[in-house]
Every structure is written in C-alpha cells, then in structure tokens.
Chemist: 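Encoded as structure tokens, here's the structure I'll be asking about.
Order of the sequence lines sets the chain letters (A, B, ...), proteins ahead of strands, with each chain counted from 1. A quick note: this is a predicted structure, and the numbers were derived from the prediction, not measured.
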Amino acid sequence: MSEERKSLNFLEQIIEEDLANGMPKNKLRFRFPPEPNGYLHIGHTKAIGISFGLGEKYNAPVNLRFDDTNPAKEEQEYVDAIKEDVSWLGYTWDKELFSSDYFKQLYDWAVHFIKEGKAYVDSQSSEAMAEQKGTPTQPGVDGPFRNRSIAENLDLFERMKAGEFEEGSHILRAKIDMQHPNMLMRDPIMYRILKKDHHRTGDDWCIYPMYDWTHGESDYIEQISHSLCSLEFKPHRELYDWFLDQVVDKTLVRPKQREFARLNLSYTIMSKRKLLKLVEDKIVNGWDDPRMPTISGLRRRGYTPAALRKFVETVGVAKRDNIIDVSLLEFCIREDLNKTAPRVMAVLDPVKLVITNYPEGKEEWLEAENNQEDDSAGFRKVPFSRELYIEKEDFKEVAGNKFFRLKLGGEVRLKNAYIIKADSVTKDPNGNITEIQCTYSEDTAKKVKGTLHWVSIKHAVKAEVREYDRLFMDEAPDSHQDKDFMEFLNPESLKIIEAYVEPSLLEAKIGDRFQFQRLGYFNVDNDSSSNKLIFNKTVGLRDSWEKQKPIENKNQNKPQNNTSQPQRKAIDVIQQLGKKYTNLPEGKQEKAKAEILELAKDVSYDDLQPLFNTAAKKVGTRIATTIVLGVLLENGLERNAEVNDFINKALEDTDALLVKEAKMLL
RNA sequence: UGGCUUAUGGUGUAACUGGCAACACGUCUGGUUUUGGUCCAGAAGAGUCUAGGUUCGAGCCCUAGUAAGCCAACCA
C-alpha cells in the first residue's frame, strides 16, 4: 500500500483550491448532462469518468441530468440507452433529472428578465438576424426590435407561450451587446417557438429554452459546484456567467464551468451526428454494432467496464487536442481479459490433420487448464481423437527454423495433448493441402519449440465468428477539410468466419468472454442461440510473430519515413545537434561532431550566416556553427568581417570547447 | 484587420510551482513459458514550437513570433 502521491490533474487542482479557499467539502456536487439524441460513445466515457470519478474521489453526489430542450431530436429510447450505459460502466448517480423539469422556473426568470429590460422579443427572419450578428472578425449591429417597450415584449412573449404564433416568427433574446467580441454575447436567443411534443412535457409548451439559457441555470438550481464540459464550450462560459449573474443568490453555491479536451480515438469518429449517419445509412447494424465506438458497441464487442474505466484513467485530463492511439484501448481490454477470461480452443481457418498411429475410433478426454493466470479457474476436459483440425497458418511443408510451428519432419506440441510429427501431406489437384498426416508420441515431457491449438473433428462444434477491423482507414477520418469522413470507410471492417470450437462452448451464454488460445479474446454475441453459436472477436492477442512477417508491407505503409530524413534541411539538423552538444557525454559528442561535419557539406553560407547572431549563452549552437564554418572555409569560403567577428567572439568565450574549435579556424 | 485556447519522445499524460525531463502505451533486445500470450530483465527514443530576455540556474517567469484547435445553428 504505497502512499505515492499521484499528481492532480488541472480540474482536481481547481477543486483543491476551492476547498482551500473555504468551500465546504459537502457543497461539492457534479453532474453529467447528456442530450438524449443519440447513444453515448467512448468520448462520453471520458466525460463520465471525470465527473463521476470526481464524485467518487470527493465522496460527492453526481447528478445524471438529461439536457432535453430540443423536442425535435430527443427521444425516450436514448434516455433509456444512456442510463443503461452509465450504470453498466459502474457508476451510480445521485438524482436522475431533466432540464425540462425546470421549464417553469426558466420561464418565470425570463419574464423577470423582460421586466428588467434584459430581454426582448425579436421578430425578424433568422437570416436578417444572422446578418446583424456580424462575424467573428466584424462586430454586429442592433436590430430594429431591440428597443421594444417592456409592455410589448411582455405581451408578445406571453402570446408566444400561448401558441399564437408560428414557429420562426418570434424569439426571445437576451439584451447584452451586439458589438461584443464574443459572438455568443451578441444578444443570444433564449427561447424559440417549437410546436412539437416533448418526450416528457408533451404539449405543455410550445416555446423551448436554448442550451445556453438552460444549462447554467439548471446547474444553479441543482447546486452543482463544478460544471465540467469539453473545450468547445469555453466561449460559452462568458454567457454562462452572465446568465448566472442575473439570478444568483449569493448565499447559494454558484456553479463554475471548467473545460477539458475531449477524447479522440485514432481510426474512428466521435460525433453523434456522424455516428447516426452510419446507423441510418446502414453502414453498421445499429448503434450497438461492435464496430461502433459507442459504449453499447464496445459492450457488445466484449469490452468490460473495468477496461474502459482504466482506459479513461490512463488517458488523463488536460486541455490540448489529442488523438489517442487505439492500441492503448486494446492494451486495457487485453490486460483485463488476460486475468479473467477462460481459455478454450477454437480453429478459425481449419486444415485436417490425421494421426496415423492413433487408433481409429479411440477417443480420450484430456485435462485442460482453464486459466493459468487464475488459480481458482480450475480445469475442464477436452476430447482428443485421430482426426483433428488445426489452423492452416500453423503448417508449412518447408520453413526456416524461425517458424516454430508444424512442418514436414518437424515436431510440435498439441496444447493439452501429445507431441506430433508431420510425415506427409495430401493435396487436391490445385495443389492445396487437404490433409496432413502425422504420428504422435506420448512422451509429452519432450522439449519442442511450438505449441498448437486444435480441435477434434468428431467433437467440434460449428460456430460463426465475426471478426472486426477498424471502421475507417484514416487515422482521423473527420479531420479533413476537403474530404468527407465517409470516403475513408473500410469496406472490410466485418469478416464472417465459419469456425470450429471445442464442445465445452456449447454451454456458453450470451456475453460470456473467452480467450481462444493463441488467437485472441472472443465473446458470445447477442445474436447467438442454442442452435447457432456466434462469437465476436473482441481483440487479438499481442502477436510478435505476425509483426515480423510482412516486411515488404511495412515499407509500403510508411513510405514517408525514408524520404523525410533528407527533406529536412541540413542546417536545421545541425542546429538541433548543436543545441544539445554541450550536454552530451564525450563519446556522443564526437559522434555528433562527425554528423555535423558530414552535414556541413550541404550547408551554404547563407544558411549559416544567421547563426552568427546566436546568443552568447547558447554555446552548443555556436560550437556547431564554428564546426560548420570550418568546413566552409576549407572549401574556399572567403573570410569577411562577419566571419572574423564571429571567430573572435568565440575565442573570447569562457567555454573551453568553443575556444578549442575556434582556434582550429585560425 | 477579431476573440479565446493550446504547444514536452511515435501517442497520451507528469515534472513537488525556477534546480539539468518522469510514467504508461507503442518499438527493440534477452530470459521464462504446453498460448510467438502472460510474466521478468533491459535498451533505444524528447532536451520541452522558434527567437530574444530575466536569473547562479528556465519546460515552468517576461517579450515577440510561429503553428494548431474552437467561435457567425431558432443544436447541445
């Protein structure tokens, strides 16, 4: 139990500061505020992890509040899915709440705003208003309705609420400042008319509050102390505070909005709108398709709550844009499953193997360890017989000694069973191997390099295996201005395989997770039934053999690597080498010098000249410059005033190395 | 012609608030192993966007640049 002091992230620091400044710990309260217009994705897992994590850390309540102010897009289905996802992740919310619970209070406040002259009804087209609003670089101008009388505003707003007007004919805006540098402060809309039924309030309302007007006030009503959201809301903070200023009671907690960078995962997208498109266009089979980065998709794929929580924790919290490598996510799920998933044997791409010296009709039930990482996992029996399936990939007629698997004349261990030796093969007319003949030995103590998984043909159970690949071929598919993310779709993201699995899997239940030995982690899909077993591949095992095989492919994938080196200007490389020159141990220093001498051949005087002005204290850079200068002089460069000046200064320096190099130029 | 935010190995986060940059993933060695998994041991890889400045000393402070992201929905 080490008491290692983990450094706090910037949000925790803010909270610690508030606590230190006198905020009582029991006033801490957080919230997770999803809009019920789509399913939660892995990015939300970070937001959930932050707010609920803080709740756990400080023993403070966390509300689940649905931000449901837009009846056009929101549905009960999403509310249910979100609740399921949050609790599946293992978090417990204090109160389940809805922004729509506050519609009446919000309305009363709005009326108060009008009476105070802080809000007015605008009756222009959205185009006209957009024009008056200006642009980020140009201030806006006041609209013609900005100075309506309080009485008229009150009357109009009342009638908006009563349903007398059509959608789009009037809106209520806060009266702030049309010239404000922050566009959100240019008289933002508070209410719009929407004649739609709301999933909770039905037809009670036909005016609905906007996000900015609703969010901060909802936080305030709930007495949220820290309202944490992603970075794109940073500009909203000013408005959030302005709205709060108008209603806040100083004796109550005033919520504080703070922003963190959202999570981005490589090779996928994280926008609800775009994910919805994948669902609607039937690119995937629903929000919970195992290829989707949604929480429900990952769950179906076989991810565990523990792995997801670990992932989010590992990723950290900060304010800069990031793209997290999927390999980290994969590491987290492997780490969890390695400890918990029972091992079984399954062959995905079979070739028949016959053990010629094993009696026909004989069968044995051999003992197999369920999980060597877990002593309590116990053992099971697997059937062995004369005819087996092994993986096609595990046999080669001839192969080098780096190939640990089965080859003609070679020996290999069958996991949980005997050692076999390959004697001959049978091929079809096309030259494909249809059968491998082997002989076995009962001496299992023998040392052999390879161990193969297998399945007895007679006892094997057919199963469908769904193997997934990334949905997109590009690392950041929605970050290209000129290309649509749909262009990067991977046409081979789903591969359906007919596999053979050991009979113990007949008892597997939906959701059960296994390690198919030597292959990866798999779970039983929701579509699975008693007469058809279906598995999803969650993630493959780490595979250091696979990596060394496609040598040529590797180069094709990263052609830039070869070209990027020479593209960098020699002088830039030299500058970099120089920078660290004085810090290097002697051996490395010589190496660096040799490199500089080599690179100096490609440096022109014009390249070098600016470095003469290098600050006196940047000794390393000046040494490098001196070395390069030596090469240039040797190649016939004439000494001019600049050169002499630089050399003289170097000679006067206190650094012995620099002086030494400079003397060599005399 | 604007405002806000960010900048540390390939990736993500640290650096006790000024003391010669750490952890995780990834990569590469070697060992163990009835999974080319796990585990164990080790290595390479950044001198902190650039240029100045303050300081005995700067990734942290100051100045000026540069680059990236966000901001003009009756969405959230």
Chemist: Please report the distance, rounded to the nearest Å, between CZ in A/Arg237 and C1' in B/C71.
Modeler: 15 Å
Chemist: Is there a donor and acceptor pair closer than 3.5 Å between the side chain of A/Arg518 and the base of B/G36?
Modeler: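 For A/Arg518, whose side chain was compared with the base of B/G36, there is no donor-acceptor pair (under 3.5 Å).
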Chemist: Can you spot which of A/Arg513, A/Gln515, A/Lys537, A/Glu330 makes a side chain to side chain donor-acceptor pair (under 3.5 Å) with A/Tyr521?
Modeler: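 Among A/Arg513, A/Gln515, A/Lys537, A/Glu330, the one meeting side chain to side chain donor-acceptor pair (under 3.5 Å) with A/Tyr521 is A/Gln515.
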Chemist: Less than 4.5 Å apart, any side-chain heavy atom of A/Ile42 and any of A/Met270?
Modeler: yes
Chemist: Looking only at heavy atoms, what is the nearest atom pair of A/His236 and A/Gln257, with distance?
Modeler: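 Answer, listing the atom of A/His236 first, then A/Gln257: C-NE2, 4.5 Å.
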Chemist: Closest-nucleotide mapping onto RNA chain B: is A/Glu373 or A/Pro181 further toward the 5' terminus? I mean the 5' end.
Modeler: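 That would be A/Pro181.
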Chemist: Remember a base hit wins even if backbone is also touched, and classify A/Gln515 as base, sugar-phosphate or nothing at under 4.0 Å, heavy atoms.
Modeler: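 Counting heavy atoms under 4.0 Å across all strands, the contact made by A/Gln515 includes a base.
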Chemist: Stacking between A/Phe331 and the base of B/G26 (centre distance under 5.5 Å, interplanar angle under 30°)?
Modeler: no
Chemist: Select one nucleotide: of B/U38, B/G36, B/C71, the one nearest the side-chain heavy atoms of A/Pro136.
Modeler: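 Of the candidates, B/C71 comes closest.
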Chemist: By the 4.0 Å heavy-atom rule, please label A/Asn182 as base, sugar-phosphate, or nothing.
Modeler: nothing
Chemist: Answer syn or anti for B/U17, where the cut-off is 90° from 0 on the glycosidic torsion.
Modeler: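 Chi for B/U17 falls in the syn range.
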Chemist: Whole angstroms only, please: what is the CG-C1' distance between A/Leu194 and B/C74?
Modeler: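 After rounding, the gap between these two atoms is 8 Å.
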Chemist: Counting only Watson-Crick pairs (N1-N3 plus N6-O4 or O6-N4) and G-U wobbles (N1-O2, O6-N3), all under 3.5 Å, who is the partner of B/U33?
Modeler: none
Chemist: Quote, to the nearest angstrom, the P distance that separates B/G37 from B/U29.
Modeler: 12 Å
Chemist: Can you check whether A/Thr268 reaches A/Arg470 side chain to side chain, under 4.5 Å on heavy atoms?
Modeler: no
Chemist: With rounding to whole Å, what would you report as the distance between B/A68 and B/A24 at their P atoms?
Modeler: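 Looking at atom P only, B/A68 and B/A24 are 33 Å apart.
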Chemist: For A/Glu127, which contact category applies under a 4.0 Å heavy-atom criterion: base, sugar-phosphate, or nothing?
Modeler: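 No contact.
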Chemist: Salt bridge check, A/Glu391 against A/Arg518: does any charged N sit closer than 4.0 Å to a carboxylate O?
Modeler: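 Here A/Arg518 does not pair with A/Glu391 in a salt bridge, since their nearest N and O are not under 4.0 Å apart.
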Chemist: Between the base of B/G2 and the side chain of A/Gln179, is one N or O donor paired with an acceptor at under 3.5 angstrom?
Modeler: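 Such a pair does not exist between side chain and base.
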Chemist: For the C1' atoms, the ones on B/U17 and on B/C61, what distance do you get once it is rounded to whole angstrom?
Modeler: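 The same atom, C1', in both gives a distance of 11 Å.
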Chemist: Only pairs with both distances under 3.5 Å count, Watson-Crick or wobble alike; so what is the partner of B/G45 in this structure?
Modeler: none
Chemist: Paired with B/C23: which nucleotide, if any, by Watson-Crick or G-U wobble criteria at under 3.5 Å for both distances?
Modeler: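 Because both required distances fall under 3.5 Å, B/C23 counts as paired with B/G12.
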Chemist: Could you tell me the separation between the CZ atom of A/Phe10 and the P atom of B/U5, rounded to a whole number of Å?
Modeler: 13 Å
Chemist: Is there a side-chain contact between A/Lys447 and the phosphate of B/U33, meaning an N or O under 4.0 Å from OP1 or OP2?
Modeler: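 Indeed, a polar side-chain atom of A/Lys447 lies that close.
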Chemist: What's the closest nucleotide to the A/Asp325 side chain, out of B/U11, B/G36, B/A76?
Modeler: B/U11
Chemist: What interatomic distance, in whole Å, is found between P of B/C25 and the corresponding atom of B/C20?
Modeler: 26 Å
Chemist: Between B/A58 and B/U50, how far is it from one P atom to the other, in whole Å?
Modeler: 15 Å
Chemist: Contact class for A/Ile324 (heavy atom, under 4.0 Å): base, sugar-phosphate, or nothing?
Modeler: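 Result for A/Ile324 = sugar-phosphate.
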Chemist: Roughly how many Å apart are B/G69 and B/A14, using the C1' atom of each and rounding to a whole number?
Modeler: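 The same atom, C1', in both gives a distance of 23 Å.
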Chemist: Looking at A/Arg542, I'd like to know whether one of its side-chain N or O atoms comes within less than 4.0 Å of OP1 or OP2 on B/U38.
Modeler: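 For B/U38, OP1/OP2 do have a side-chain N/O of A/Arg542 under 4.0 Å.
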Chemist: Under 6.0 Å from the CZ atom of A/Arg273, do we count more than 12 heavy atoms belonging to anything else shown?
Modeler: no
Chemist: Check A/Glu393 with A/Arg405, please: is the shortest side-chain N to carboxylate O separation under 4.0 Å?
Modeler: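 Counted as a salt bridge, because a side-chain N and a carboxylate O are separated by less than 4.0 Å.
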Chemist: Between B/U1 and A/Gln138, counting only base atoms on the nucleotide and side-chain atoms on the residue, is there a donor-acceptor pair under 3.5 Å?
Modeler: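 In this structure, the two groups form no donor-acceptor pair.
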Chemist: Pairing check on B/U66: which nucleotide meets the Watson-Crick or G-U wobble criteria with it, both distances under 3.5 Å?
Modeler: B/A7
Chemist: Working to the nearest 0.5 Å, report the span between CE of A/Met345 and CZ of A/Phe514.
Modeler: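 Those atoms lie 14.0 Å apart.
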Chemist: Contact class for A/Val317 (heavy atom, under 4.0 Å): base, sugar-phosphate, or nothing?
Modeler: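 Here A/Val317 touches the backbone only, sparing every base.
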Chemist: Within the 4.0 Å heavy-atom criterion, would you say A/Glu131 contacts the bases, only the backbone, or no part of the nucleic acid?
Modeler: nothing
Chemist: In terms of base orientation, is B/G69 syn or anti, with the syn window spanning 90° either side of 0?
Modeler: anti
Chemist: Between A/Gln132 and A/Asp142, is any pair of side-chain heavy atoms under 4.5 Å apart?
Modeler: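 No; the side chains remain at least 4.5 Å from each other.
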Chemist: Does A/Thr69 put a side-chain nitrogen or oxygen below 4.0 Å from OP1 or OP2 of B/A76?
Modeler: yes
Chemist: Would you kindly check whether a donor in the side chain of A/Arg334 faces an acceptor in the base of B/U38, or vice versa, at under 3.5 angstrom?
Modeler: no
Chemist: Which part of the nucleic acid, if any, lies within reach of A/His236 when heavy atoms closer than 4.0 Å are counted: base, sugar-phosphate only, or nothing?
Modeler: base
Chemist: Scan A/Leu328 against the nucleic acid and name what it touches under 4.0 Å (heavy atoms): base, sugar-phosphate only, or nothing.
Modeler: sugar-phosphate
Chemist: Within the structure shown, what part of the strands sits under 4.0 Å from A/Ala318 by heavy-atom distance: base, sugar-phosphate, or nothing?
Modeler: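 The answer is sugar-phosphate, as A/Ala318 gets under 4.0 Å only of primed atoms, P, OP1 or OP2.
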Chemist: Nearest of B/C71, B/A15, B/G12 to any side-chain atom of A/Ser7?
Modeler: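 Of the options given, the side chain of A/Ser7 lies nearest B/A15.
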Chemist: A/Ser544 side chain N/O closer than 4.0 Å to the phosphate oxygens (OP1, OP2) of B/G37?
Modeler: yes
Chemist: Mapping A/Ile323 and A/Asn416 to their closest nucleotides on RNA chain B, which lands nearer the 5' end?
Modeler: A/Ile323
Chemist: Using a heavy-atom cut-off of under 4.0 Å over every strand shown, decide if A/Glu167 touches base, sugar-phosphate, or nothing.
Modeler: nothing
Chemist: Is the phosphate of B/U6 approached by A/Lys319 (side-chain N or O, under 4.0 Å from OP1 or OP2)?
Modeler: yes
Chemist: Determine the Euclidean distance between corresponding C1' atoms of B/G65 and B/G57; express it in Å to zero decimal places.
Modeler: 26 Å
Chemist: Using the P atom as the reference point in each nucleotide, state the distance between B/C49 and B/U11 in Å, no decimals.
Modeler: 13 Å
